[in-house]
Amino acid sequence: MSSGTDLDEHLSLLRRRWLLLVGCVVFGGTAGLALMRLTPPAYTATTQVLVMPVGPQEPVNQVTSRQREALNLDTEAQVAQSAVVAARAARTLRVETPEPVEVSVPPNSAVLWISVTAADPGVAAAQSRAYAQAYLANRRESALAALTAQQQVVLGKLKQVNTALDAVIKQLAGLSKGSPEHTIATQRESVLNRQAAGLALRYDGLRTVAVTPGTVISQAAPPTAPSSPSLPLYLGTGLMAGLLAGSAAAYARDRLDRRLRTVADVERLTGLPVLGDLSSPREPGVAHELACAAVAACPGKRLLVRILPPDLEESADPVAVSMPLTVLDGFDVRDLSRADAALLLVGLGRATSVHVAATVRRLARHDVPVIGVVTVTDALPSFVPLLEPRTHTPLGKLVATGELELGETTPMPMHPRRPGQPT
């Protein structure tokens, strides 16, 4: 219930300040369109490169949707955006600093999308192609350098094994057959022969590896339409910013406004309890609840009623509120001194918290406490005194109880004479 009530209050606040909210939204949308018109167009060209593994196939990487064996696409994307590739592309284009490149990897693929955004569509396409070629050339050179280093390592080990094998062969020539030394040397010779054969096969495999860094599967073409600015992006951003700014302005304006529009505004801005809400007087039982609350809160029998603002007009069909209290309207100069408490009738949408605070201060100077507020629109209540019936006590009982002594003269109550009734 509280969440729904809070939402209703927020929506009611926005409805009250709809003009300010709509104005901010329109201004935000207009500002977004103006910014889009002022932003120069940019064109994006994309080259698609299929990346292939280079070097001997060694399953050293974990197999995922973006990483295959011996091929890490995230690493390749970072290499394509590196300064080394950018410098190579700049030399190819004969420019000092090319446009920044953006590299993306589609899911479950071995393809790099190399995109360049520039003010001219031809420049964007040329630089995208240059980046792709520079990336492939750099990858080929790196692969060849790695293969050469591996060949040198394998060749050095093969030379060491051949040298050790020659030494064993010479040692066997000086040993007698059947001796333990000859047997050990023979076994060592066999091991060295196997090592030399394995290294020779590995060296030949490294020399026959085909280095294919990748291939361009889609050349970048000059785009026909700009990629930015985007109408949905600028317009949507402007409208959303206007909506947020309008909501904040509406809340700030409503908080600064001291006019009392709802029951919640009365309680929040004045701090006085609301004894009754007569803004919808057609609900049954409202007058009775108001009478009960007023009688319970009034410390005496005389209640002063103040209307805020004073020029609030009475309705043609007022709400009748019956209370066993003496209701003072303030027209008699003695009402303020005789009042035991005060009740404020506040017109929603017309009275402000400043008026209420001033009235409370004036009443406090005369020691008249304010028991609460009744919110109204145009249906002002008419307070009708409720005559409580007096219990009839026999004269003999009064004499017996000592409440009435014989010989006293007891005045009889005078009833008002009705018109036409004989005296």
Side-chain angles (χ1 to χ4, degrees), residues 1-21 247-299 303-323 325 327 329-330 341-364 368-384:
M1 293 298 293
S2 59
S3 300
T5 303
D6 294 341
L7 180 60
D8 292 339
E9 292 180 358
H10 296 321
L11 295 179
S12 177
L13 185 148
L14 295 179
R15 282 195 298 268
R16 290 197 303 268
R17 306 296 178 182
W18 69 270
L19 188 59
L20 180 60
L21 178 63
S247 300
Y251 274 91
R253 181 69 181 87
D254 196 78
R255 292 299 178 183
L256 295 177
D257 188 6
R258 313 309 295 178
R259 186 173 301 179
L260 305 176
R261 300 179 183 274
T262 62
V263 176
D265 292 341
V266 175
E267 294 180 344
R268 177 174 59 87
L269 297 177
T270 66
L272 297 175
V274 177
L275 301 183
D277 180 20
L278 299 181
S279 57
S280 55
R282 300 304 177 185
E283 296 182 2
V286 174
H288 178 69
E289 293 179 1
L290 173 58
C292 294
V295 171
C298 185
L303 180 64
L304 177 64
V305 177
R306 283 294 177 89
I307 301 177
L308 295 177
D311 58 347
L312 188 64
E313 299 178 357
E314 296 185 2
S315 62
D317 186 17
V319 179
V321 180
S322 300
M323 294 189 302
L325 297 175
V327 179
D329 53 11
L343 179 67
L344 303 183
L345 299 184
V346 176
L348 295 180
R350 299 185 58 183
T352 64
S353 61
V354 178
H355 297 156
V356 175
T359 303
V360 172
R361 287 195 299 269
R362 285 196 298 268
L363 294 174
V368 180
V370 178
I371 62 174
V373 176
V374 177
T375 56
V376 297
T377 51
D378 56 352
L380 295 180
S382 61
F383 295 92
V384 181

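Here, residue 1 is the first one in the sequence, and each next residue gets the next number. These numbers come from a predicted model, not from an experiment.
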Checking side chain to side chain contact (heavy atoms under 4.5 Å, CB included) for the pair Val286/Leu278: CA distance, chi angles, key distance, verdict? CA-CA 7 Å; Val286 174; Leu278 299 181; 3.2 Å; yes
Looking only at non-hydrogen atoms, find the nearest pair between [X] and [Y] and report the distance.
{"X": "Ala351", "Y": "Leu308", "answer": "CB-O, 3.8 Å"}
{"X": "Leu21", "Y": "Ser247", "answer": "CD1-N, 3.6 Å"}
{"X": "Ile371", "Y": "Ala341", "answer": "CG2-CB, 3.5 Å"}
{"X": "Leu325", "Y": "Ala294", "answer": "CD1-O, 4.4 Å"}

Test item: [X] and [Y] side chains (from C-beta on) under 4.5 Å apart, heavy atoms:
{"X": "Ser353", "Y": "Asp265", "value": "no"}
{"X": "Leu260", "Y": "Thr270", "value": "yes"}
{"X": "Leu348", "Y": "Thr262", "value": "no"}
{"X": "Val356", "Y": "Val266", "value": "no"}

Run Val376 and Ile307 through side chain to side chain contact (heavy atoms under 4.5 Å, CB included) and show every step you take. CA-CA 10 Å; Val376 297; Ile307 301 177; over 6 Å; no
Show the numbers, then the answer: is there a side chain to side chain contact (heavy atoms under 4.5 Å, CB included) between Asp329 and Val305? CA-CA 5 Å; Asp329 53 11; Val305 177; 6.0 Å; no
Could you give the distance from CD (Glu267) to CG (Leu272), rounded to the nearest 0.5 Å? 9.5 Å
Spatial distance of atom NE2 (His355) from atom CZ (Arg350) [nearest 0.5 Å]: 11.0 Å
So which of Val274, Val373, Val346 actually passes side-chain contact (heavy atoms from CB on, under 4.5 Å) with Val263? Val274
Using the side chain to side chain contact (heavy atoms under 4.5 Å, CB included) rule, take Val327 and Val321 through it: C-alpha gap first, then chi angles, then the decisive distance, then the call. CA-CA 11 Å; Val327 179; Val321 180; over 6 Å; no
